[in-house]
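Chain letters run A, B, ... following the sequence lines, proteins first and then strands; every chain starts at 1.
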2 protein chains.
Amino acid sequence: MAKQKTQNNQVSQQASEPLDGVRLELVEVAGQAAHVLGFPRSVGEIYGLLYLAPNPVSAPDICDALSASKGSVSQGVRQLVALGFVNTARVHGNRRIHYEAVLEVGAVLRQGYEQTIQKRTIVAEEKMKGLHQSLMVQKSQLGPDDYLLIKDRLQGLTKVQKRIKKLMPLITALLK
Amino acid sequence: MAKQKTQNNQVSQQASEPLDGVRLELVEVAGQAAHVLGFPRSVGEIYGLLYLAPNPVSAPDICDALSASKGSVSQGVRQLVALGFVNTARVHGNRRIHYEAVLEVGAVLRQGYEQTIQKRTIVAEEKMKGLHQSLMVQKSQLGPDDYLLIKDRLQGLTKVQKRIKKLMPLITALLK
DNA sequence: CATTCTGTTCAAATTATTTTGAACAAAAAA
DNA sequence: TTTTTTGTTCAAAATAATTTGAACAGAATG
């Protein structure tokens, strides 16, 4: 097999042809989706590539296919593995690590969603606690009307926050 | 009442004192929350300010309180009004428009969430349609295995997408 | 009606985020 | 063992998003 130098200045074992139309389109779409969900585009693109790959892909081949830098891919796969979107895999006759997409997108998304919500719930609780405390500390320096107004409105926020916290388990259950 | 020049180089009717601790803290928290939800910080800060304001606030006073520029506030309130987080209000003896926070945060959030999901569902449907079409167009140029692989995996995505679409109404119902 | 204030828009400046690529260490290949 | 390839990290470059401020037009005020 003829080896060839790639853009990344690396020799690729399997002279990876450029991506065909559908694959390119999914890479694009996955990049957009990632962006909407608050991840870097490149992370989505890597997942898009792996999702339609017939075999696990090595990091250098990912670089090549997406014309992305080593650094980007290194960080990207790390995130994807951490999030559970990608698994590492060993490939016959090759001791390097390869990557493959976890195909159960729905399940992974749900799990990520659940984690995100949990984290945010905790943060929200802390912030609310902080606000109520600040109010207490400041009580003496506020006019009585002002104090009551702030107290009421903060309680309104706390109510919403508790409501969401209570409903989330139900929702994630529904998603299963 | 002594008028005074503000940072914004405007004369403020009501010599607005600097924000007290709790208010400042909510401005900060609301800014962070906005950022998490994908809005500019400044938009959240404006809402935070209005949420604890005893009376409707004019745009120049918002500028002043947040030391933000006119342009920022102009765009910010526009977004907030569009999203339903803020209402315009007339104030006694003053024909300028003032702004007040809609206090039902939960309801507004839910509505925004619902809209976002709806939009995204539509976009997702279109993209999936596009992908399936591209696949058809390309069918003849793909190996049969390759074709089948791509078809199957795209169908997997479509399934997830349809599942989410079907569940969303349930979830938003739950949130009411 | 003249003057001051307010609100909008948008190009330019600022700020935040992402990507690159160089330096390095460690693994594979020769 | 020597050479090549791979993978990580992180400062710097590139890009994306937000904010500012100037220019303008339309209200309010006296």
Side-chain angles (χ1 to χ4, degrees), chain A residues 1 3-16 27 31-32 34-46 56-82 86 88 90-99, chain B residues 1 3-16 27 31-32 34-46 56-82 86 88 90-99:
Chain A
M1 176 188 300
K3 292 189 179 182
Q4 62 176 182
K5 285 266 180 173
T6 68
Q7 295 164 318
N8 204 43
N9 200 33
Q10 290 156 7
V11 174
S12 170
Q13 294 290 299
Q14 183 181 341
S16 41
V27 165
Q32 293 168 346
H35 185 237
V36 165
L37 297 177
F39 298 101
R41 271 194 167 77
S42 61
V43 167
E45 291 178 357
I46 295 173
V57 186
S58 71
D61 283 349
I62 297 175
C63 291
D64 194 20
L66 301 177
S67 34
S69 68
K70 287 205 293 181
S72 229
V73 171
S74 174
Q75 292 180 200
V77 294
R78 175 143 39 92
Q79 283 194 67
L80 285 166
V81 170
V86 163
T88 53
R90 319 209 122 275
V91 161
H92 164 75
N94 196 326
R95 241 167 295 160
R96 292 281 179 197
I97 288 174
H98 285 55
Y99 300 95
Chain B
M1 178 188 297
K3 294 188 179 181
Q4 61 176 182
K5 285 266 181 174
T6 68
Q7 295 165 319
N8 205 40
N9 200 33
Q10 290 155 6
V11 173
S12 169
Q13 295 290 300
Q14 182 180 343
S16 41
V27 164
Q32 293 167 345
H35 185 238
V36 166
L37 298 177
F39 298 100
R41 272 194 165 76
S42 62
V43 166
E45 291 179 357
I46 294 172
V57 186
S58 71
D61 282 350
I62 298 175
C63 292
D64 193 22
L66 302 177
S67 34
S69 68
K70 285 206 292 180
S72 227
V73 171
S74 175
Q75 293 179 198
V77 293
R78 174 142 40 92
Q79 283 196 67
L80 285 166
V81 170
V86 162
T88 53
R90 322 207 121 275
V91 161
H92 164 75
N94 196 325
R95 244 167 293 162
R96 291 280 179 200
I97 287 175
H98 286 55
Y99 300 95

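In this structure the side chain of R96(B) never reaches within 4.5 angstrom of the side chain of P60(B), judged on heavy atoms.
Heavy-atom minimum distance, A68(B) versus V73(B): CB-CG2, 4.1 Å. The two atoms that bring V91(B) and P56(B) nearest to each other are CG2-CB, 3.9 Å, heavy atoms only. Contact between K70(B) and C63(B) at its shortest, heavy atoms only, is CA-SG, 3.7 Å. Looking at every heavy atom in both residues, Q79(B) comes nearest to P40(B) through NE2-CG, 4.2 Å. The shortest heavy-atom contact between S72(B) and S42(B) is OG-OG, 4.1 Å.
H98(A) has its NE2 atom 14 Å from the C1' atom of dG7(D), to the nearest Å. Rounded to whole Å, atom P of dT20(C) lies 14 Å from atom CD1 of I62(A). If you take CD1 of I46(B) and C1' of dG7(C), they are 13 Å apart, rounded to a whole angstrom. One atom, CG of D64(B), and another, P of dT20(D), lie 13 Å apart when rounded to the nearest Å. Between Q32(B) atom CD and dT18(D) atom P there is a gap of 16 Å when expressed in whole angstrom units. The interatomic distance linking E45(A) (CD) with dT20(C) (C1') rounds to 15 Å, in whole Å.
Of the inter-residue distances, the one linking F39(B) atom CZ with I46(B) atom CD1 reads 13.0 Å to the nearest 0.5 angstrom. Once rounded to the nearest 0.5 Å, the distance linking NE2 of H98(B) with CZ of R90(B) reads 10.0 Å.
Here the side chain of R96(B) is nearest to one of dT8(C), dC5(C), dT18(D), namely dC5(C). Side-chain proximity of K70(B) to dG21(D), dG7(C), dT6(D): nearest is dG7(C).
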Would V86(A) and V77(A) satisfy side chain to side chain contact (heavy atoms under 4.5 Å, CB included), going step by step from the backbone distance to the final call? CA-CA 7 Å; V86(A) 163; V77(A) 294; 5.6 Å; no

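Near DNA chain C, defined here as any heavy-atom distance below 4.0 Å, the residues from residues 71-80 of chain A are G71(A), S72(A), Q75(A), listed numerically.
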Please write out the pairs of protein N or O atoms and N or O atoms of nucleotides 12-17 of chain C separated by less than 3.5 Å, giving the distance to one decimal.
residue, atom, partner, partner atom, Å
dT17(C), OP1, H35(B), NE2, 3.4

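S42(B) comes within 4.0 angstrom of the backbone, heavy atoms only, and of no base.
Taking 4.0 angstrom as the limit, S69(B) places none of its side-chain polar atoms (N or O) nearer than this to OP1 or OP2 of dG21(D).
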